[in-house]
Trainee: 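So that we are looking at the same thing, I have put the structure below in structure tokens.
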Number of protein chains: 2
Amino acid sequence: MRLTEKGRASRQRLVEAASLRLRGDAPGAMRLEDVLADAGMSKGQLFHYFPDGKEQLLLAVARYEAERVLADQEPHLSALDSLASWQAWRDVLVARYREQGAHCPLGALLAQAESTVGAGEVVTALLDRWQRHLRDGITAMRAAAGAEADREAAALIAGIQGGVQILRTTRSTAHLEAVLDQFIERLPSGP
Amino acid sequence: MRLTEKGRASRQRLVEAASLRLRGDAPGAMRLEDVLADAGMSKGQLFHYFPDGKEQLLLAVARYEAERVLADQEPHLSALDSLASWQAWRDVLVARYREQGAHCPLGALLAQAESTVGAGEVVTALLDRWQRHLRDGITAMRAAAGAEADREAAALIAGIQGGVQILRTTRSTAHLEAVLDQFIERLPSGP
DNA sequence: AGGTTTTTGGACCCGCCAGTCCAGAAAAGG
DNA sequence: CCTTTTCTGGACTGGCGGGTCCAAAAACCT
């Protein structure tokens with residue numbers, strides 16, 4: 001499909017509107033009509049840019065969000081080489097989720113992964129990239145064996161993930177903070 | 001609503017059939033007709049036992065599952081007083097989720113919490129009870145201050161939660177195991 | 001300028017599925 | 001027994017929302 005400048009912009013507006021909607025609704029509950037209303041567009045346009053309809057749109061949103069999740073943690077995520085930078089990263093993460101509350105791109109992504117074909121791969125790729133960043137940060141802090149640092153990074157990601165999920169239902173960042181703080185506390189000393 | 005013996009059994013059959021369905025489908029995607037077919041019952045019965053329909057059924061399922069989540073970790077969960085018992089508990093958890101794969105009662109519960117009114121409270125209560133068990137286990141292993149043990153328990157729960165969620169999309173228990181193993185490794189020595 | 005392609009709008013269709021209704025079968029129970 | 005309550009079955013409805021279609025407007029191209 002050939003797209004003009006205007007076309008690309010319209011397509012992007014749809015993705016962003018859907019992305020916003022998804023932070024509140026489950027993917028199954030998101031209605032095309034709402035997305036259209038938010039974006040100020042018509043059904044015809046949506047199916048012009050996404051011939052396969054809802055599923056294709058959701059997949060595009062998944063890709064879009066995956067990019068944002070990592071981008072939002074920069075510039076810290078790529079330079080976790082001092083205790084101060086880990087702390088700064090932690091603060092960004094907590095602040096972000098605290099202010100978003102139930103609005104959580106990652107949670108929405110994971111939920112999509114179960115319903116949308118292909119979203120699973122997007123999420124897995126995101127998880128891999130994220131974990132690699134954290135592993136690098138861990139090895140930068142102390143000479144841990146690569147495999148061990150990887151396991152620690154895996155546990156940390158799982159903790160963040162779960163902390164955010166719990167945040168979505170309890171509205172409290174306590175679990176998320178517990179994970180991050182305890183990890184950073186024992187970061188310099190090693191396992 | 002007065003229920004006879006037979007009535008209670010029928011009602012329970014519905015809850016169990018719905019619970020089973022929910023392990024595969026998102027709550028929004030679960031169809032009443034499927035549940036009815038599984039349970040071998042008719043629409044009339046469902047609305048006889050759950051006048052408020054789907055939502056009320058989902059809430060009943062949430063309560064039912066919350067009970068099971070903790071019950072399935074017994075007898076270990078209530079007696080985490082030795083390294084061996086922690087190990088046994090860990091093995092039960094991993095084995096359970098490995099064999100279930102995508103079939104995950106907890107994940108379904110959390111997903112429901114966002115869509116069903118009242119399910120949030122059920123999940124929060126479950127989380128509290130679970131965390132209390134773990135905190136008791138931690139203090140039993142070493143004389144940690146109550147607050148500190150509570151924070152550790154919170155982080156552990158978040159890790160498990162996230163590990164399971166990642167398992168659902170990656171089909172690998174690696175993250176879950178990383179969380180559990182690292183926690184147990186540093187359990188005796190303290191923070 | 002004129003033909004071509006892209007973009008836009010919205011009316012319409014149609015299947016799905018939660019929820020309703022009622023009538024008949026089975027228990028309770030006195 | 002006979003009455004009353006509970007239980008069961010299934011036909012029917014209503015609206016919701018994804019997807020189709022077509023025609024008009026705008027942009028592109030040479």
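Throughout, protein chains are lettered first and strands after them, A, B, ... in sequence-line order, and every chain is numbered starting at 1.
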Trainee: Per the ring pair (Phe, Tyr, Trp, His ring centres under 6.0 Å) rule, what does the pair list look like for residues 47-78 of chain A, sequence neighbours excluded?
Mentor: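 Qualifying pairs: none.
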Trainee: Can you tell me how far C1' of C:dT7 sits from CG of A:L46, to the nearest Å?
Mentor: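 Between C1' of C:dT7 and CG of A:L46: 13 Å.
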Trainee: With a 4.5 Å limit on heavy-atom distance, are the side chains of B:T116 and B:V61 in contact?
Mentor: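 Of all side-chain heavy-atom pairs linking B:V61 with B:T116, none is under 4.5 Å.
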Trainee: Any chance you could list the contact pattern along nucleotides 6-23 of chain D? Use B for base contacts, S for sugar-phosphate-only contacts and - for none, protein heavy atoms under 4.0 Å, 5' to 3'.
Mentor: SSBBB------SBBB---
Trainee: May I have all residue pairs that pass ring pair (Phe, Tyr, Trp, His ring centres under 6.0 Å) and include part of residues 151-189 of chain A, sequence neighbours excluded?
Mentor: A:W86-A:F183
Trainee: Below 3.5 Å between N/O atoms, which protein atoms pair up with nucleotides 1-3 of chain C? Just atom names and distances, please.
Mentor:
none

Trainee: Side chain to side chain donor-acceptor pair (under 3.5 Å) with A:Q56: which residues, sequence neighbours excluded?
Mentor: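 None.
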Trainee: Tell me, please, which residues at least two apart from B:E67 pass salt bridge (charged side-chain N to carboxylate O under 4.0 Å, His left out).
Mentor: B:R129
Trainee: Using the side-chain contact (heavy atoms from CB on, under 4.5 Å) criterion, which residues pair with A:D136? Sequence neighbours excluded.
Mentor: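 Testing A:D136 for side-chain contact (heavy atoms from CB on, under 4.5 Å), a comparison that skips the adjacent residues, returns none.
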Trainee: What is the separation between atom CG on B:L57 and atom P on C:dG19, rounded to the nearest whole Å?
Mentor: 10 Å
Trainee: For B:V69, check side-chain contact (heavy atoms from CB on, under 4.5 Å) against everything at least two apart and list the hits.
Mentor: B:Q73, B:L106, B:L126
Trainee: Going by side-chain contact (heavy atoms from CB on, under 4.5 Å), name the residues that satisfy it together with A:S82, two or more places apart in sequence or in a different chain.
Mentor: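 For A:S82, the residues satisfying side-chain contact (heavy atoms from CB on, under 4.5 Å) (neighbours in sequence not counted) are A:A84, A:S85.
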